[in-house]
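Proteins get letters first, then strands, A, B, ... in listed order; numbering begins at 1 in each. Note that the coordinates shown come from a computational prediction; the quantities given were computed from them, not determined experimentally.
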Amino acid sequence: MGVNEILLLRSRAPSRKAPSPCPPRSYAVRWKAQFRFLSTPGKATEVHRMPVRSPSAQASPELLELRHRIRHSASHIMADAVLQLFPEAKYAIGPPIEDGFYYDFDVARPFTPEDLEHIETLMRERIAQDVPFIRTEVSRNEAKAAFREQPYKQEIIDGIPESESLYTLRHGPFTDLCGGIHVEQSGQVAAFKLLSVAGAYWRGDERNPMLQRIYGTAWESQEALDNYLELLEEAERRDHRRLGRELDLYSVHDEIGPGLIVWHPKGGVLRTIVENYWREIHTRHGYNLVYSPHIGRSNLWRTSGHLDFYQENMYAPMELDEQEYFLKPMNCPFHIMIYRSELRSYRELPLKIGELGTVYRYERSGVLHGLMRVRGFTQDDAHIFCMPEQVESEVGGVLDLTFEILRAFGFDEYQIMLSTRPEKYVGDLEMWDHATASLRNALEQRGLHHDIDEGGGAFYGPKIDIKIKDALGRDWQCTTVQFDFNLPERFDLSFQDSESHRARPYMVHRAILGSIERFLGVLIEHYGGAFPLWLAPVQAVVIPIADRHLPYADSVASRLRGAGLRAEVNAKSDRMNAKIRQAQLQKVPYMLVVGDRESEANAAAVRLRDGSDLGPLQLEDIVARMTSEVAAYA
RNA sequence: GCCACCGUAGCUCAGAGGCAGAGCAGUUGUUUCGUAAACAACAGGCCGUCGGUUCGAUUCCGACCGGUGGCUCCA
């Protein structure tokens, strides 16, 4: 979406990203990720036996603060241990984070797994000593002197305004510059574990030196730590890359190229269902669905501004007939050309042009990740061209559509962010104010809680972003609704108003699922691969008990397919038990076992994915049951 | 792109400077079975690619490609 994320970045003050020496005492208000999973417990191999949610989601504020203290103190204890092993190490910052903590060090060589073990041992010793944490206010000069060997601390001190007090925090022999809140005694760090080492730029800026960051987690009890570690394992079992392979949904190939997805038949079914649902609901909401090519001439991208500001994210041009063509990184210019293909009247507005548009972006190699971050992806893109007085109801319409769609996929809670005008912007103030107010009003009319990112909008317009959270605890931005005051100017868009004057339309970009690839990745993890019936690539497997039941099994599958259901027969020469196991592992919702009894009674013995056995049911009843389940998006 | 780690069969992973291995998956055959794994045989490999060291490299070294976890970025 949007024209140019790069400019958005540039428009932000650099100070926004600078880490504070100690994190503020307040906690970011965590939204509750609520996932609906199949609730029936299954056997040990069931992936969906445990609801995945961050342990922080249901903790009281008091407990959250205790954990914050424990984690912050654990980071100090870790720095203490690192300094014992590596006296030359320079230590940078070590804040608590969600579910844990980290500390960044400048060391001569990277940490090894063995180092982490030694560090853990030293940490345990310090915790067993139960030493007090002592906070002391110090003058600027005292602080500079105390950390004269620590260049990063010097930089932090220099970055703290003169008006603010400085504090040191000491436990045992280790002193850090820190005004944050901590436990009283090191013994209160009841349970911790170091998890990983990673490179991280000082102050998050790639022009700065890269430091070695150690991540750890710390909890108020061994039980809480164990629960967390179990959660991590569950998240790994739900990883869409693992499930994508196990359920035969998609693959990536060296030969094709990194970040380029091929969808296998089962993944193709899943995607087709999602896309057909999308098309149907968008048509119902008055969108005009279009198609546009994958490449366009350089002139188009010059006009849109992409060549000036986005080219580093674009695939290199192809030259044909002395013309340069670029793979499209965005759909906007094509939809604009459709708008511009005739003189528009105010009577035609709002005009909503939508497309499942596949775009290609040259993402940096280190950021690619399964389906979540790829180089070729399909946006559920649409652009709304409208008049000023239509803006609010159009934004409202997008929000209503968004929640209808997200609810159908089982997402019930969201984090909504409204981003307002940055320092550098295009368009006039009045438009910005009007657009921002309409975004806010549309949210408030619907009673939707949202946070405000002051100045966080793109240079070309304010926006609403909606995030959903995946099973690994990551927030994924799917939905985005952005005003654009830039492209209508660049392409000189207009319409004829009721007084026959030329007027400039408002343009709103919006994507609800964001990228189909990413959304399916989120969906795979959200359901742990156990898709609800309407999405399941295979809805029913017919399992003949012996080969003599094969003809009947085929007739059962045909009957289901005749009713629009996706059914397969497992005709392998395995025993029934093995076939049930295979269907279970493939998370097929319905297993229809047919033997002598069933074939005589025009029935099938129904076993559900959750292990329940419904016994023999008439085929008509099975079809009716499944069809109504599909109709309810259940 | 940067830092670290990793690339051996479709998957998970052993292995060792001198004949390439297991389990699962696959194929075939036997079995015809009542709610989570029948039995057997077979097949499967440029040990990521290129270069170097060596009598000999899948193994050691380097570069590249790809992956993983982060950083940065982002739909």
Side-chain angles (χ1 to χ4, degrees), chain A residues 1-2 5-6 8-9 17 42-46 102 104 109-113 195-215 239 241-242 245-246 248 251-255 257-259 312-313 329-331 357 359 361-375 377-381 465 476-480 509 511-519 521-522 543-550 572-585 591-598 605-609 611-616:
Chain A
M1 290 300 321
E5 285 87 334
I6 299 300
L8 159 65
L9 230 188
K17 287 194 292 180
K43 302 204 173 183
T45 50
E46 280 296 329
Y102 68 80
D104 287 346
R109 64 163 177 85
F111 298 111
T112 64
L195 297 175
S196 62
V197 184
Y201 299 107
W202 166 237
R203 290 192 188 274
D205 188 329
E206 62 187 330
R207 290 165 302 192
N208 285 338
M210 180 158 279
L211 308 176
Q212 293 299 314
R213 173 173 298 178
I214 303 178
Y215 282 96
D239 190 307
R241 292 166 301 181
R242 174 196 184 109
R245 185 176 58 240
E246 289 175 356
D248 198 18
S251 57
V252 287
H253 301 265
D254 217 358
E255 294 88 336
E312 63 188 56
N313 283 290
M330 296 183 192
N331 302 300
V359 298
R361 298 183 186 175
Y362 184 75
E363 299 288 349
R364 303 165 97 183
S365 61
V367 307
L368 300 175
H369 178 92
L371 294 172
M372 303 300 197
R373 192 73 184 274
V374 293
R375 283 182 174 164
F377 60 100
T378 302
Q379 296 181 307
D380 68 317
D381 210 353
D465 290 324
W476 290 110
Q477 186 193 309
C478 293
T479 307
T480 180
H509 307 267
I512 290 174
L513 307 179
S515 122
I516 300 293
E517 284 75 7
R518 172 182 295 182
F519 188 77
V522 174
I543 298 174
I545 286 179
D547 284 352
R548 66 176 179 278
H549 306 119
L550 261 174
K572 292 202 282 194
S573 83
D574 288 315
R575 289 166 65 214
M576 181 206 65
N577 281 340
K579 294 182 183 180
I580 287 187
R581 176 181 152 79
Q582 288 154 16
Q584 257 333 127
L585 292 175
M591 284 154 258
L592 306 180
V593 180
V594 296
D596 291 333
R597 299 198 292 266
E598 289 79 11
V606 178
R607 179 193 158 104
L608 301 183
R609 175 168 60 184
S612 59
D613 185 352
L614 304 187

Starting at atom CE of A:Met576, determine the distance to atom P of B:A37, rounded to an integer number of angstrom.
-> 9 Å
Assign B:C64 to syn or anti; the rule is syn for a glycosidic angle within 90° of 0 and anti otherwise.
-> anti
Where the side chain of A:Met210 is concerned, which of B:C2, B:A75, B:A36 is the nearest nucleotide?
-> B:C2
Is atom CZ of A:Arg109 surrounded by more than 12 heavy atoms (other residues, nucleotides or ligands) closer than 6.0 Å?
-> yes
Can you figure out which of B:C71, B:A4, B:C33 approaches the side chain of A:Pro110 most closely?
-> B:A4
In whole angstrom, give me the gap between the P atoms of B:A63 and B:G56.
-> 23 Å
Would you mind telling me which of B:A75, B:C71, B:A38 lies closest to the side-chain atoms of A:Ser515?
-> B:A75
CG of A:Asp254 versus P of B:G10: gap in Å, rounded?
-> 14 Å
Nearest-Å distance once atom P is located in both B:C13 and B:G52 = 33 Å
Same-atom distance (C1') from B:U72 to B:C3, integer angstrom = 12 Å
Rounded C1' spacing from B:C24 to B:G66 in Å = 25 Å
Would A:Tyr215 pass as stacked on B:G70, i.e. its ring centre under 5.5 Å from the base's six-membered ring centre and planes under 30° apart?
-> no
Give the rounded distance in Å between these two atoms: OH of A:Tyr102 and C1' of B:A4.
-> 17 Å
Can A:Arg607 and A:Asp613 be counted as an ion pair, charged N to O under 4.0 angstrom?
-> no
Mind checking the C1' distance from B:G29 to B:G17? Whole angstroms is fine.
-> 43 Å
Roughly how many Å is it from CG in A:Leu211 to P in B:U72, rounded to a whole number?
-> 12 Å
For atom CZ of A:Arg375 and atom C1' of B:C65, their distance in whole Å | 12 Å
To the nearest angstrom, the CG-C1' distance between A:Leu614 and B:G34 comes to 15 Å
Same-atom distance (P) from B:C33 to B:A41, integer angstrom = 25 Å
Could you state the CZ-C1' distance from A:Arg207 to B:G1, rounded to the nearest angstrom?
-> 14 Å
Using the P atom on both, measure B:G21 against B:A9 and round to a whole Å.
-> 14 Å
Within the structure shown, what part of the strands sits under 4.0 Å from A:Ala583 by heavy-atom distance: base, sugar-phosphate, or nothing?
-> nothing
Applying the Watson-Crick and G-U criteria (both distances under 3.5 angstrom) with [ ] for crossing and | for other-strand pairs, one obtains for RNA chain B (((((((..((((....[..)))).(((((.......))))).....(((((..]....))))))))))))....
Contact class for A:Arg597 vs. all strands (heavy atom < 4.0 Å): base, sugar-phosphate, or nothing?
-> base
In whole angstroms, the gap separating P of B:A37 from NZ of A:Lys572 amounts to 14 Å
Touch check for A:Gln212, heavy atoms < 4.0 angstrom, all strands: base, sugar-phosphate only, or nothing?
-> sugar-phosphate
In whole angstrom, give me the gap between the C1' atoms of B:A16 and B:C60.
-> 13 Å
What nucleotide, of B:C33, B:A75, B:A36, holds the atom closest to the side chain of A:Arg518?
-> B:A75
At under 4.0 Å, does any side-chain N or O of A:His369 touch on OP1 or OP2 of B:G67?
-> no
